Amino acid sequence: MFRSALSTAQRRCFSISAQQNSKVTVLGAAGGIGQPLSLLLKLNPRVTELALYDIRGGPGVAADISHVNTKSKVTGYNSGPEGLKAALEGAEIVLIPAGVPRKPGMTRDDLFNTNASIVRDLAKAAADHAPNANILVIANPVNSTVPITAEVFKSKGVYNPKRLFGVTTLDVVRASRFISELKGTNPANEEVTVIGGHSGVTIVPLLSQSNHPDISGEARNILVNRIQFGGDEVVKAKDGAGSATLSMAYAGSRMADALLRAAAGEKGVIEPTFVQSPLYADKKCDFFSSKVELGPEGVKTIHPIGKLNDYEKGLLAPALEDLAKNIAKASLTPNSILWGVLFANFEEI
Ligand SMILES: NC(=O)c1ccc[n+]([C@@H]2O[C@H](COP(=O)([O-])OP(=O)(O)OC[C@H]3O[C@@H](n4cnc5c(N)ncnc54)[C@H](O)[C@@H]3O)[C@@H](O)[C@H]2O)c1
Ligand SMILES: O=C(O)C[C@H](O)C(=O)O
């Protein structure tokens, strides 16, 4: 079952005995996403050291995962600045699933007040102790937590837009699976470009660029809606016990693996991801998810969106409107989380 969930590229890489020395850090490692994500990273031979941090339970999860008989070293850290520093130092990749998940009836934006400060504080530690790492933000609302992370790194003078990623891989994973269910095909052969952001209408699947540009009418409406609101499907089914964790762990592990392969010199590694992007900067969307080619320096090339049909243009307009608001919120909220950054910097002087 595990095998069939892996992409061809991932299967290939998982069977390679890699020479890389790569420390990967998970912040929020004891959570619903953190635990299976850490397990999948333990199975990746490109990861040589796995550092697991959480405000509670990091060392326990690390002890458990460390018994899996792959070569990587696993370390777990207790809550606090010392543990955080040790977890981050020397990291090539830092994944941040730390944060509160949704309950039924909530939007991802409703998580802003809680998660913005969690991500801000972890980003501050990452800027201090792993300024050159690839930072992969999973915590919601991704449309806002990524710009917050950028502001924190800027305030520390270490911002490199090529190294900051909002993880939107789950949208692409869902699109591939849902279209394969509809068409009775193998999802491994179904690639659907998904652009925009990571919440509701900001998620824009480009079916016209998939293997099935013919899907239209009510079937298309239903499929697009399912891709846009796939997260709600899981939140509803979990009935108060959180949101997607296992599929997200798979998606996060796929994104981390793509960066590790690109760092090892593999060419043509392309993943959709939410990065600082020129594509719709004129619409106040300085961050945008699209196909991005990865390289040893992180972002190598942001691919153009390609041709959209009228239906997709109709999806993109409200997506850009919402996304611009989500991005602006990261710096414009009255009780600006950036005050926290400035205050913290002031305290250090
Ligand atoms: N990007 C995506 O596609 C995607 C998909 C699913 C979930 N998410 C988001 O990921 C986040 C985590 O979801 P989950 O289901 O794993 O939640 P969870 O509550 O199961 O786990 C969160 C973990 O974060 C830890 N944590 C909280 N504050 C912390 C801090 N300051 N430092 C370190 N660890 C801290 C908690 O102790 C907990 O173990 C949520 O915000 C959720 O909305 C994003
Ligand atoms: O839906 C959520 O809140 C979690 C995540 O963003 C998802 O898409 O599953």
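Atoms within a ligand are numbered from 1 in the order they appear, just like the ligands themselves. The basis for the numbers below is simple: all heavy atoms, side chains too, and nothing from hydrogens, waters or symmetry mates. Being a predicted model, the structure only gives us computed values, none of them experimental.
Look at R174 and E181 and you find no salt bridge, because none of the NZ, NE, NH1 or NH2 atoms lies under 4.0 Å from a carboxylate O. The pair E151-K154 meets the salt-bridge criterion, since a charged nitrogen lies less than 4.0 angstrom from a carboxylate oxygen. Using a cutoff of 4.0 Å between basic side-chain nitrogens and carboxylate oxygens, K183 and D214 are scored as salt-bridged.
Note: no N/O pair closer than 3.5 Å links A139 and ligand 1 by distance alone. Residue R102 has no nitrogen or oxygen atom sitting less than 3.5 Å from a nitrogen or oxygen atom of ligand 1, judged on distance alone. Geometrically, ligand 1 and T245 share no nitrogen or oxygen pair separated by less than 3.5 Å. Looking at Y53 next to ligand 1, no N or O pair under 3.5 Å apart turns up. Of the N or O atoms in A98, none lie within a sub-3.5 Å distance of an N or O in ligand 1. At under 3.5 Å, not a single nitrogen or oxygen of G34, backbone or side chain, sits near a nitrogen or oxygen of ligand 1.
In terms of protein heavy-atom proximity, atom 20 (O) of ligand 1 is nearest to G32 N, 2.7 Å. Closest to atom 41 (O) of ligand 1, if we only count protein heavy atoms, is V100 O, 2.9 Å. Regarding atom 21 (O) of ligand 1, its nearest protein heavy-atom neighbour is G31 CA, 3.2 Å. Closest to atom 9 (O) of ligand 2, if we only count protein heavy atoms, is R174 NH2, 2.7 Å. At the top of the distance list for atom 26 (N) of ligand 1, counting protein heavy atoms only, stands I55 CG1, 3.7 Å. Ranking protein heavy atoms by distance to atom 4 (C) of ligand 1, first place goes to M248 SD, 3.4 Å. At the shortest separation from atom 44 (C) of ligand 1 among protein heavy atoms lies I138 O, 2.9 Å. Scanning all protein heavy atoms for the shortest distance to atom 3 (O) of ligand 2 gives R102 NE, 2.6 Å. The protein heavy atom nearest to atom 19 (O) of ligand 1 is P101 CD, 3.5 Å. Distance from atom 22 (C) of ligand 1 to its nearest protein heavy atom, with residue and atom name: G99 O, 3.2 Å.
Contact annotation: for N140 versus ligand 2, heavy atoms closer than 4.0 Å belong to the side chain alone. Heavy atoms of V234 found under 4.0 angstrom from ligand 2: none, in either backbone or side chain. Heavy atoms of M248 found under 4.0 angstrom from ligand 2: none, in either backbone or side chain.
Of the N and O atoms on the side chains of H198 and N143, not one donor lies less than 3.5 Å from an acceptor on the other residue. Using a 3.5 Å distance cut-off with no hydrogens or angles, the side chains of K103 and S243 do not pair a donor with an acceptor. At a cut-off of 3.5 Å, with distance as the only test, a side-chain donor of E190 or T185 sits close to an acceptor on the other residue.
Every heavy atom of G242 sits 4.0 Å or more from the atoms of ligand 1. At least one heavy atom of D54 sits less than 4.0 Å from an atom of ligand 1. Ligand 2 is never approached by M106 to a heavy-atom distance shorter than 4.0 Å.
The main-chain N or O of G34 is found under 3.5 Å from a side-chain atom of S38 such that the two form a donor-acceptor pair. Remark: side-chain polar atoms of E271 are not paired, donor with acceptor, to backbone N or O of L259 under 3.5 angstrom.
The closest non-hydrogen atom to atom 6 (O) of ligand 2, taken over H198, K103, Q228, E233, comes from H198.
One finds the NE2 atom of H67 at 10.5 Å from the NZ atom of K42 (value rounded to the nearest 0.5 Å). Rounded to the nearest 0.5 Å, atoms CG (N225) and CD (E233) are 9.5 Å apart.
When the options D109, D232, D110, D239 are evaluated for a salt bridge (Lys or Arg N to Asp or Glu O under 4.0 Å) with R102, the one that passes is D232.
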